[in-house]
*Asks:* 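Have a look at this one.
Because the structure is a prediction, the values reported are computed rather than measured. All residue numbers refer to positions in the sequence shown, counting from 1.
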Amino acid sequence: MAKNLPPEDPNVIAKIVDHLKNRGLFDEFRRDCLADVDTKPAYQNLRQRVDNFVSNHLANHEWNPTLNKNQLRNELRQRVCKSGMLESGVDRIISQVVDPKLYHIFKPQIEKAVHEFMATEMNEEAVPNPPQEPEKQELSSPASGNTSNALAPA
């Protein structure tokens with residue numbers, strides 16, 4: 001099937017992505033990146049900026065038992081999102097965590113998996129279904145007509 005379709009065909013792409021997922025490559029990449037993220041300056045900077053933003057926002061609100069915490073939380077979430085700090089901070093995190101691994105770790109592994117997938121697809125297409133074997137007949141001696149003693153010494 002794969003050799004008959006262009007590489008940009010959505011069906012081929014979906015099959016390759018499924019193959020990569022089944023091999024656990026995306027999970028492996030995610031683990032690699034998450035293991036590194038908290039050590040990078042971009043993450044530490046973003047975390048500090050968000051912490052300061054939240055502290056300043058909460059400092060403007062007086063605590064009382066009737067305070068609607070859900071409303072305050074949603075308002076704070078909207079303000080953080082609208083500030084743009086997450087978008088720019090995540091871009092910097094990606095450039096520090098993902099980009100260095102992209103060409104020397106991720107790309108070779110993806111290429112290897114795609115080649116394996118394509119080879120498997122080509123082998124499946126190249127090997128036709130084997131023909132059904134005729135039912136095996138019992139060995140018999142045409143001269144004696146007796147199959148039970150055909151191999152017995154005379």
Side-chain angles (χ1 to χ4, degrees), residues 1-140:
M1 184 205 41
K3 73 177 179 182
N4 298 332
L5 297 174
E8 67 274 359
D9 183 275
N11 292 326
V12 174
I13 293 169
K15 283 184 163 232
I16 291 171
V17 169
D18 284 343
H19 177 73
L20 296 174
K21 285 180 179 179
N22 290 338
R23 288 196 55 208
L25 278 180
F26 292 133
D27 292 332
E28 185 180 329
F29 296 164
R30 186 181 305 113
R31 278 190 302 274
D32 286 351
C33 290
L34 288 175
D36 268 358
V37 76
D38 60 350
T39 64
K40 300 298 180 186
Y43 171 80
Q44 294 166 351
N45 184 13
L46 177 61
R47 183 176 174 152
Q48 185 64 43
R49 288 177 65 200
V50 170
D51 285 347
N52 290 340
F53 188 91
V54 169
S55 294
N56 290 336
H57 181 77
L58 293 177
N60 295 327
H61 291 82
E62 189 173 316
W63 167 254
N64 67 53
T66 62
L67 183 67
N68 186 338
K69 290 180 246 172
N70 287 332
Q71 182 180 354
L72 180 61
R73 186 180 300 118
N74 287 335
E75 179 186 329
L76 181 56
R77 184 178 296 122
Q78 288 175 354
R79 287 182 180 239
V80 167
C81 289
K82 286 180 182 177
S83 73
M85 79 174 88
L86 291 179
E87 201 171 287
S88 64
V90 169
D91 287 343
R92 284 192 287 270
I93 291 170
I94 289 171
S95 69
Q96 289 181 6
V97 175
V98 177
D99 290 351
K101 298 173 188 279
L102 193 59
Y103 290 105
H104 73 280
I105 296 176
F106 299 159
K107 186 178 178 187
Q109 289 183 19
I110 290 170
E111 286 175 345
K112 180 181 176 191
V114 168
H115 286 283
E116 289 171 359
F117 170 79
M118 296 305 286
T120 303
E121 285 289 307
M122 297 302 262
N123 285 340
E124 288 176 4
E125 292 170 6
V127 177
N129 290 337
Q132 294 289 334
E133 289 185 28
E135 291 183 29
K136 295 183 179 178
Q137 299 174 354
E138 289 186 33
L139 292 176
S140 63

*Asks:* Do the side chains of Val12 and Lys15 get nearer than 4.5 Å, heavy atoms only?
*Replies:*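 The answer is no, as the side chains (C-beta and beyond) never meet within the 4.5 Å cut-off.
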
*Asks:* Which donor-acceptor pairs under 3.5 Å do the side chains of residues 90-110 make with protein atoms, sequence neighbours left out?
*Replies:*
| residue | atom | partner | partner atom | Å |
| --- | --- | --- | --- | --- |
| Ser95 | OG | Arg92 | O | 2.8 |
| Gln96 | OE1 | Ala42 | N | 2.9 |
| Lys101 | NZ | Asp36 | OD2 | 2.9 |
| His104 | ND1 | Pro100 | O | 2.7 |

*Asks:* With rounding to the nearest 0.5 angstrom, report the NZ to CG distance, Lys21 to Asp27.
*Replies:*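 It comes to 10.0 Å.
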
*Asks:* Measuring from atom CD of Glu28 to atom CZ of Phe26, what distance do you get when rounded to the nearest 0.5 angstrom?
*Replies:*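 Here the rounded value is 11.5 Å.
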
*Asks:* Got a sec, which residues hit side-chain contact (heavy atoms from CB on, under 4.5 Å) with Ala119, two or more places apart in sequence or on another chain?
*Replies:*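 Listed in chain order: nothing, the list is empty.
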
*Asks:* Can you see which heavy atom on Cys81 is nearest to which on Leu86, and at what distance?
*Replies:*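 Scanning both residues completely, I find the closest heavy atoms to be SG-CD1, 4.4 Å.
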
*Asks:* Any side-chain heavy-atom pair from Asn22 and His19 closer than 4.5 angstrom?
*Replies:*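 SC-SC contact between Asn22 and His19 ruled out.
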
*Asks:* Could you report the tightest heavy-atom contact between Glu111 and His115, atom names first, then the distance?
*Replies:*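 The pair with the smallest heavy-atom distance is O-CD2, 2.7 Å.
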
*Asks:* When rounded to the nearest 0.5 angstrom, what distance separates OH in Tyr43 from CG in Leu46?
*Replies:*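 Answer for the OH-CG pair, Tyr43 versus Leu46, is 8.5 Å.
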
*Asks:* Using a cut-off of 6.0 Å, state whether more than 12 heavy atoms not belonging to Gln71 lie near its atom CD.
*Replies:*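 12 or below, so no.
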
*Asks:* Applying side-chain contact (heavy atoms from CB on, under 4.5 Å), name anything that partners Lys112, two or more places apart in sequence or on another chain.
*Replies:*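 Applying side-chain contact (heavy atoms from CB on, under 4.5 Å) to Lys112 gives Glu116.
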
*Asks:* Test: ring pair (Phe, Tyr, Trp, His ring centres under 6.0 Å). Region: residues 67-101. Which pairs qualify, not counting sequence neighbours?
*Replies:*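 The answer is none; no pair qualifies.
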
*Asks:* Under the side chain to side chain contact (heavy atoms under 4.5 Å, CB included) rule, what do Val50 and Arg47 come out as? Steps first, then yes or no, please.
*Replies:* CA-CA 5 Å; Val50 170; Arg47 183 176 174 152; 6.0 Å; no

*Asks:* Apply side chain to side chain contact (heavy atoms under 4.5 Å, CB included) to the pair Leu20 and Phe117, showing each step before the final yes or no.
*Replies:* CA-CA 9 Å; Leu20 296 174; Phe117 170 79; over 6 Å; no

*Asks:* Donor-acceptor pairs under 3.5 angstrom involving side-chain atoms of residues 51-61: please list them, not counting sequence neighbours.
*Replies:*
| residue | atom | partner | partner atom | Å |
| --- | --- | --- | --- | --- |
| Asn52 | OD1 | Gln48 | NE2 | 3.1 |
| Asn52 | ND2 | Gln48 | O | 3.4 |
| Ser55 | OG | Asp51 | O | 3.0 |
| Asn56 | ND2 | Asn52 | O | 3.3 |
| Asn60 | ND2 | Asn56 | O | 3.3 |
| His61 | ND1 | His57 | O | 2.9 |

*Asks:* Name all pairs fulfilling the salt bridge (charged side-chain N to carboxylate O under 4.0 Å, His left out) condition that reach into residues 68-90, sequence neighbours left out, sorted by first residue then second.
*Replies:*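 Matches after skipping sequence neighbours: Glu75-Arg79.
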
